[in-house]
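Following: one structure in structure tokens, then a few remarks.
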2 protein chains.
Amino acid sequence: MPPVRGPRAARPRRRADEIIDAAAAVFAERGYHGASTQDVADHLGMRQASLYYYFPSKESALEQVCLRSVGDFLERAQAIANGSGGSADKLAAIIRSHLAPVEERGAYVRCFLRERRFLPRESARRIGRVARRYEHILQSVIEAGIAAGELRRDLDPRLATLALVGMCNAAMEWYGREPNAPLGLIVEVFTGLAISGMAVPRHGRPRPPSGNRATGSGGRAGSRQRRQSRG
Amino acid sequence: MPPVRGPRAARPRRRADEIIDAAAAVFAERGYHGASTQDVADHLGMRQASLYYYFPSKESALEQVCLRSVGDFLERAQAIANGSGGSADKLAAIIRSHLAPVEERGAYVRCFLRERRFLPRESARRIGRVARRYEHILQSVIEAGIAAGELRRDLDPRLATLALVGMCNAAMEWYGREPNAPLGLIVEVFTGLAISGMAVPRHGRPRPPSGNRATGSGGRAGSRQRRQSRG
DNA sequence: CGAAACGCCTATTGGGTGATAGAAAAAATC
DNA sequence: GATTTTTTCTATCACCCAATAGGCGTTTCG
């Protein structure tokens, strides 16, 4: 039994992270119930029983994965919501921020989306609260946009929020499998869809969100690009 | 080994359907790997081993569930695509048609969405082809709309398709858990979002799809309704 | 009636699974 | 270099699960 640690708790971070990374990867690929602790161990090149030095149960491993997957989603969304700018710009920034982790943290996010429901009651509720708070931030942005006259008055804020989140989360599933769909383009298309929809505007041209360089990750050389889908 | 059946193959349908219904319900609730054949048997009030009179393996049960879940998705979408009317109306009809099964066939659809990836290679590929054909129908409608000048020229048809499908599929997950979200309202909001987006149009007012009474299920008394979300 | 097929049962098995106990190796600390 | 702490190992267990074998009552139908 490890004795009390120093005040700042400089506990071993490195290896424990690798363990959880492996769990996230394996759970994301085979599903929580479809993956065995043996699979996780194989992925790390170690023995199955050794895993239990890092977590007390398979469930707690999933819990840690889900906890890390929410990461700084909330903070980033809140920062965007608090910032200045129009509703359209904020929505665009949130979409970009929402999709950003798909590259580096894809396994974590997929675990969160698909496996979180297998968590025990307690932690499921805790995780659920975070998710609901995130949705509420997004919903507030939409409601503010309606109040400011920038978004349609007949829009249902709650359902619009769920639609937007659902659209983005769906992208987490097919991102990587879908050819000719770099992250920047997805963000661009989703933003255009959420703001302007598919239809040709009645007058004038559809306005793109004015300034969109929040994360600055995507290339975005040209304003937009046409692609000739499958070869 | 049962000998050749009569010409019309009047094989026992009723009970076999109940078995697959139960499998769909249990798989949808606990996940394919999280559900045991014992769970399915319990749900039916019969013994675990008796299930194997109806299917040769758990996997094949999942396969049957997924096969039935695609149901007449394709046909209905194709009929809408072939029909006359503007792109907006077709998209609205497809959204309604896509969401329709969530009430009666919810378990099947959720199984298809979440568990299909656990199918063996062969059947996964077959199911995947159906899904891809469905998406292609939707994509064709969008492409035709662009060609006709009804949808934005800078729209990426493939990504728009995935976005729309993803948005609708996400609704399958939270439908029923979400209060104040009857199917009719969801369809209305999603349609408005897909066609016009969230933003206030620059001139004129956002046009709703002209004639929208395909299934006639939803109330839709007033043209639109404002709701004071949570009580 | 009597044979065949149907629908479900009991009993069982072989293998995989999460988890524990305790020793041994490896690293850190003094 | 000895002691302590960290990390991984071997060995094992109790349990659950998918699937098989074969029997028994019931229905179908010539």
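Below, all heavy atoms of this structure are taken into account, side chains as well, without hydrogens, waters or symmetry copies. Just so we're on the same page: letters track the sequence lines, and every chain starts at 1. Every value quoted in this text rests on a predicted model; they were computed, and no experiment measured them.
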Shortest non-hydrogen separation from A:Ala170 to B:Gly166 and the atoms involved: CB-CA, 3.4 Å
Sequence-distant partners of A:His33, ring pair (Phe, Tyr, Trp, His ring centres under 6.0 Å), two or more places apart: A:Phe118
Detail all sub-3.5 Å separations between protein N/O atoms and N/O atoms belonging to nucleotides 15-19 of chain C.
residue: C:dG18; atom: OP1; partner: A:Lys58; partner atom: NZ; Å: 2.9
residue: C:dG18; atom: OP2; partner: A:Thr37; partner atom: N; Å: 2.9
residue: C:dG18; atom: OP2; partner: A:Thr37; partner atom: OG1; Å: 2.8
residue: C:dA19; atom: OP2; partner: A:Tyr52; partner atom: OH; Å: 2.6
residue: C:dA19; atom: OP2; partner: A:Lys58; partner atom: N; Å: 2.7
residue: C:dA19; atom: N7; partner: A:Gln48; partner atom: NE2; Å: 3.0
residue: C:dA19; atom: N6; partner: A:Gln48; partner atom: OE1; Å: 3.0

Whether over 12 other heavy atoms sit under 6.0 Å from B:Arg126 CZ: yes
Nearest-Å distance for atom pair CZ/P, residues A:Arg14 and D:dT8: 14 Å
Under 3.5 Å side-chain donor-acceptor pair for B:Glu143 and B:Gln139: yes
Phosphate contact (D:dT6 OP1 or OP2) by A:Arg15 side-chain N/O below 4.0 Å: no
Watson-Crick and G-U pairing of DNA chain C, under 3.5 Å, as dot-bracket with | and [ ]: ||||||||||||||||||||||||||||||
Row check, B:Phe112 ring normal vs B:Arg114 NZ/CZ: under 6.0 Å, within 45°: no
Under 4.0 angstrom between A:Ser50 side-chain N/O and D:dC9 OP1 or OP2: yes
Interatomic distance where CG belongs to A:Leu44 and P belongs to D:dT8 [whole Å]: 9 Å
Heavy atoms from other residues, nucleotides or ligands near CD of B:Glu122 exceed 12 (cutoff 6.0 Å): no
Euclidean distance, atom CG of residue A:Leu51 to atom P of D:dT8 [Å, nearest integer]: 10 Å
From A:Leu138, A:Ile142, A:Leu162, residue fulfilling side chain to side chain contact (heavy atoms under 4.5 Å, CB included) relative to A:Pro157: A:Ile142
Spacing of A:Met46 atom CE relative to C:dA25 atom P, expressed in whole Å: 17 Å
Phosphate OP1/OP2 of C:dT10 contacted by B:Arg47 side-chain N/O (<4.0 Å): yes
A:Ser60 (side chain) donor-acceptor with A:Glu63 (main chain) under 3.5 angstrom: no
